[in-house]
Amino acid sequence: MPVRRVASGVLVVATLMFLSACGGDAADADQIARLAMPEPITETGTATYDLWRWSWLAAMVTGVIVWGLILWVVVRYRRRNDDEIPVQTRYNLPLEIFYTIAPIMMVIVFFYWTVKVQDEAIALEPEPDTVIDVVGQQWSWTFNYTEQGEGGATPYTSGTASQIPTLVLPVDRSVQFNLHSPDVIHNFGVPAFLMKMDVIPGRVNKFQVTPTTEGDYMGKCFELCGTYHSRMLFNVKVVSQADYDAYLADLADQGWVADEPLLGGSDATTQAGLDEDDDQEGSQE
C-alpha cells in the first residue's frame, strides 16, 4: 500500500506539471524550456545560461538516480508480512565511500565551471567601444554617456522616483558600466544580460557586456536600498549604431549634456566611514 501511494503521488504531480505547461501561452512554454532563465542577449550571458542549463541537467540526473534507488530499496526490502523482519544492515563500506567521494567530486566540478563563467562575466577589455558611468541614487538612476558628445562632452539622462529613465545601448558594441553611488548600496542589473553587480558608495565597480540583439528590455535595482527601492526601475533599448548616435545628439540638443559625468557630487566621496583611520572599527591599519 505505501508503494502504491508514493507512485500515485508522483503520477499526480507529474500530470499537474504537464497540464500547467500545456495550458499556458507560448511565452510560458518558452520560459519553461529555458528553466525560468531569461533569454540572454549578450555574449557573456550565453555562458551564464549554459552553466544554468547544465547545472539543472546534472541536478535532474542526480535526482532521478537518488529517487530511483530509494524506490527500489522500498520495494525490494519491504516487509512482506507481519511476521517477517527485513534484513538489517549496519553499514556498507564501499557504499559509504561512494556517497562521500561522489558529492565531493560533484562540488569540485560545479566550482570549476562556476569560476570559469564568473571570470568570463567580469573580464574587462582594456579599450571598450563605449563607457557609461551609471549612478544609482535614492531612488532612480543617472546614465552618463561618458565623453561621447561633441568635443568630449558627456550626454546624460536621469530619472526620478516618478519617472523611469531609459538606458540606450548600441548593438554589437562592447559597453563598460562604471557603477557609482552617492548614498547607499544599490545593485545594477538587467535580467536579459544575465548579469548584475553591486553599486557601492566610495567604490567603482565595473563590468562589460556586448549586446547582440536589438530590442526593449527592463532593468532594476536588485538590492533593498530604502523606502522607494521598488521604484528604482529603468528601461533598456538596444539599437543600431546610427540610432544610438542620433539619440546622443538629441540629448545634447535638449541640453542634457555636461562637461563631466554627473556622479553625485561631493556626497559620493564623503559618506561616513569612507575615510579610514587607525581608530576606525575594521581598519586594516
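Thr212 places a side-chain N or O within 3.5 Å of a backbone atom of Ile41 that can act as its donor or acceptor partner. Within the 3.5 Å criterion, the main-chain N or O of Pro261 finds no donor-acceptor partner in the side chain of Asp133. At distances below 3.5 Å, at least one donor-acceptor pair connects side-chain atoms of His186 with backbone N or O atoms of Gly136. Under a 3.5 Å cut-off, the side chain of Tyr49 and the backbone N or O of Leu194 do not form any donor-acceptor pair.
In this structure, the side chains of Met197 and Ile122 come closer than 4.5 Å at one or more pairs of heavy atoms. Side chains of Asn235 and Tyr217 form no contact here, defined as non-hydrogen atoms less than 4.5 Å apart. Side chains of Thr154 and Glu260 form no contact here, defined as non-hydrogen atoms less than 4.5 Å apart. Using a 4.5 Å cut-off on side-chain heavy atoms (C-beta onward), Thr227 and Trp139 make contact.
Alongside Trp113, the hydrophobic cluster contains Leu51, Val109, Tyr112, Val117 (criterion: ILVMFWY side chains under 4.5 Å). By the 4.5 Å side-chain criterion applied to Ile, Leu, Val, Met, Phe, Trp and Tyr, Leu224 is assigned to no cluster and stands alone. Grouping Ile, Leu, Val, Met, Phe, Trp and Tyr by side-chain contacts under 4.5 Å, direct or through others, puts Val115 with Phe111. Apart from Phe110 itself, the hydrophobic cluster it occupies contains nothing, where clustering links Ile, Leu, Val, Met, Phe, Trp and Tyr at side-chain heavy-atom distances under 4.5 Å.
The ring-ring contact (aromatic ring centres under 6.0 Å, His included) search around Trp256 returns Tyr156, not counting sequence neighbours. Phe98 meets the ring-ring contact (aromatic ring centres under 6.0 Å, His included) test with no other residue; sequence neighbours excluded. Residues meeting the ring-ring contact (aromatic ring centres under 6.0 Å, His included) test with Phe207, sequence neighbours left out: Phe177. Considering only residues two or more places apart in sequence or on other chains, Ser174 meets the side-chain hydrogen bond (donor to acceptor under 3.5 Å, both in side chains) condition with Asp129. Among residues two or more places apart in sequence or in another chain, the ring-ring contact (aromatic ring centres under 6.0 Å, His included) test is passed with Tyr244 by none. Partners of Asp50 by salt bridge (Lys or Arg N to Asp or Glu O under 4.0 Å), not counting sequence neighbours, listed by chain and number: Arg53.
To the nearest 0.5 Å, atoms OG1 (Thr48) and CH2 (Trp52) are separated by 11.5 Å.
Looking only at atom types and distance, the side chain of Asp245 has a donor-acceptor partner in the side chain of Gln241 under 3.5 Å away.
In plain terms, the two heavy atoms of Val135 and Leu263 that are nearest each other are CG2-CA, 3.7 Å. When all heavy atoms of Asn187 and Asp198 are compared, the pair lying nearest together is ND2-OD1, 2.6 Å. Taking all atoms of both residues into account, the shortest heavy-atom contact from Asp183 to Pro201 is O-CG, 3.4 Å. Nearest heavy atoms, Trp141 versus Leu233: CD1-O, 3.8 Å.
Residue pairs that meet the side-chain hydrogen bond (donor to acceptor under 3.5 Å, both in side chains) test with at least one member in residues 160-172, sequence neighbours left out, are Thr160-Ser162. Listed by first and then second residue, the salt bridge (charged side-chain N to carboxylate O under 4.0 Å, His left out) pairs involving residues 213-232 are Asp216-Lys237 (not counting sequence neighbours).
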